[in-house]
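Shown next, in structure tokens, is the structure this report addresses.
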2 protein chains.
Amino acid sequence: MTSEKIKHKTTFETLPTISVDCVIFGYEENMLKVLVRREFVPFQGQIYLEWKLPGNHIRRTEDISETASRILKEQTGLENIFVKQFMVFSDPNRLKNNERDYEWVKPRLEDDRVLTVGFYSLINLKDVDNSKLIEVAKWVNAYEINDLMFDHKEIFDEAFKKLRYDLLHEPLVFELLPVKFTLTQMQKLYEAIFNTTYDKRNYRRKVNKMPYLIPLDEIQTGVSHKPARLYTFDRDIYEKNRTERFDFRV
Amino acid sequence: MTSEKIKHKTTFETLPTISVDCVIFGYEENMLKVLVRREFVPFQGQIYLEWKLPGNHIRRTEDISETASRILKEQTGLENIFVKQFMVFSDPNRLKNNERDYEWVKPRLEDDRVLTVGFYSLINLKDVDNSKLIEVAKWVNAYEINDLMFDHKEIFDEAFKKLRYDLLHEPLVFELLPVKFTLTQMQKLYEAIFNTTYDKRNYRRKVNKMPYLIPLDEIQTGVSHKPARLYTFDRDIYEKNRTERFDFRV
DNA sequence: TTATTATTGTGTTGTTTTGACACCTTTCCC
DNA sequence: GGGAAAGGTGTCAAAACAACACAATAATAA
């Protein structure tokens, strides 16, 4: 029984100097959203309402992707979600730069020198059961994130940059869309991510070159305009057709 | 004096669960090279000659870029060199997958659960004074790296991938070239990195669109063919002209 | 001195891609 | 039935791309 207890302790033991912070992107109503957590921060006799990214320390027995997936499960109730590491933040003073935030976090830590690995995640918000969403969490328009605890704004900015960067190489938008979607939904998603607009005809010509974008024999229902044709993403075709770019920046 | 001694200890204190491993790229004689370190590994009565990437634990007071630069200084004697983090490797068993390597490394560690942050670095080999190069280090053709200790081959592969990936966004090749270089030198460098060939006329037309590639009024000397015109990279122009790509993968 | 070698530097053509642009068709709601 | 709000479509000029050969120039050898 003692040996069982020690083994159990190792499984859940966290490494005090390493954490994972997650930038969880979702898409809904033509808006790119990010999940933030609320905290009440007492400071000098006042209570401040603050927002931060979800995060946690890694466990001794975990790979960091497992940590990220665990955080996601805790926050949204979802499993098997796309997660990708994007950057390490390792300033020794990263938690100390704001006095208020530091006073709040210090008692929660074993060691206040914490390196964090940033992960971004992409969620189709149709899959999110809001009753499973952790009570203190909220989806915020990605373009309205302007003040977060610690260096979390910087982490968010870097994640957003990396998402755009990665879209040059991989069609990640499918992680944010339902299984069946219209071309316009996808267009508006790209527009939301890149904060730009694409000409519909040019965009349709471009995406129709994606061998893994499959037109369905179904159309939208319940819309007060001409119903759009539905499409889906074929992961097998995508994997079979992946090619590397032998290309460089001018 | 006791307080001074404690302060000194903190400055150099390393974090036992976090390290940095460096993939140092150099370019010479039309070959892309990588710096590897030799180790003699005793195992079951035999001594094995092994190669690994340079690496070290981070210090409590260091940002990981500082760690990477410190490793570079140790290995090559150089300072102010381009370094970029590319990936975190966090498998809890990453050091244990090979028994021989593990037995060698174990006594050197405080904790055998070590997360590492991979950095790649780009060096102009003309800047390297080989007398400053650490004795146990060697430059190896990047295409001939096939067996390294621990997960270092995987780290190397990922760095190489990221280098190519990043070249889609930034003209990093200038970090590998001397201040004055010929267009053909640069062409062969791109060819070495992408392991492909470019048509000279098409390549020249493409690079002549780089606003930051400055033709000099100098030509090569000491060559037994028509001397090529020299060019240089203007970082100020590059920074002024940076634009983001609103582009996605088909 | 001349010939040889090994490069450097250059333009053209056909094909493909890109950027800019407007209007008919289809559903729901009043 | 009319209006609103979309979905879906093609053309043209310009730019980019892929494929392709030979004159010019320095060092070295004969």
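All chains are named by letter (A, B, ...) in the order of the sequence lines, taking the proteins before the strands, and each is independently numbered beginning at 1.
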| request: Provide the full list of side-chain hydrogen bond (donor to acceptor under 3.5 Å, both in side chains) pairs with a residue in residues 71-82 of chain A, sequence neighbours left out, each pair given once. | output: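 Counting only pairs at least two positions apart or across chains, no side-chain hydrogen bond (donor to acceptor under 3.5 Å, both in side chains) contact touches residues 71-82 of chain A.
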| message | Listing request: all salt bridge (charged side-chain N to carboxylate O under 4.0 Å, His left out) pairs with a residue in residues 153-180 of chain A, at least two apart in sequence or in separate chains. | response |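 Those involving residues 153-180 of chain A are A:Lys84-A:Asp166, A:Lys84-A:Glu170, A:Lys153-A:Asp157, A:Glu158-A:Lys161, A:Lys162-A:Asp166, A:Arg164-B:Glu244, A:Glu170-A:Arg242, A:Glu175-A:Arg235, A:Lys180-A:Glu218.
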For a quick test of your reading: what N or O donor-acceptor pairs under 3.5 Å do the side chains of residues 32-39 of chain B make, sequence neighbours left out?
{"from": "B:Lys33", "atom 1": "NZ", "to": "B:Glu28", "atom 2": "OE1", "distance (Å)": "3.1"}

| task | Provide the full list of ring pair (Phe, Tyr, Trp, His ring centres under 6.0 Å) pairs with a residue in residues 120-147 of chain B, sequence neighbours left out, each pair given once. | result |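 The answer is B:Tyr143-B:Phe160.
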| Protein-nucleotide distance (B:Arg229, atom CZ; C:dT7, atom C1'), rounded to Å |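 Taking atom C1' of C:dT7 as the reference, CZ of B:Arg229 is at 18 Å.
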Results of salt bridge (Lys or Arg N to Asp or Glu O under 4.0 Å) for [X] - residues two or more places apart only:
X	value
B:Glu191	none
A:Asp236	none
A:Lys138	none

| message | Using a 4.0 Å cut-off to any heavy atom of chain B, which nucleotides of DNA chain D are the first and last in contact, reading 5' to 3'? | response |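 Terminal contacting nucleotides, 5' to 3': D:dA18 to D:dA27.
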| field | Minimum side-chain heavy-atom gap B:Leu78-B:Ile123 below 4.5 Å | value |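 With C-beta onward as the side chain, the pair touches.
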| request: Encode nucleotides 20-30 of chain C as B, S and - characters from 5' to 3', where the letter depends on protein heavy atoms closer than 4.0 Å: B to the base, S only to sugar-phosphate, - to neither. | output: BBB--BBBS--
| Toward the 5' end of DNA chain C, which comes first, A:Lys206 or B:Arg204, by nearest nucleotide? |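 Its nearest nucleotide lies further toward 5', so the answer is B:Arg204.
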| task | Describe the nucleic acid contact of A:Thr182 in one word from base, sugar-phosphate, nothing, applying a heavy-atom distance below 4.0 Å. | result |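 Nothing: the residue A:Thr182, judged by heavy atoms under 4.0 Å, touches no strand.
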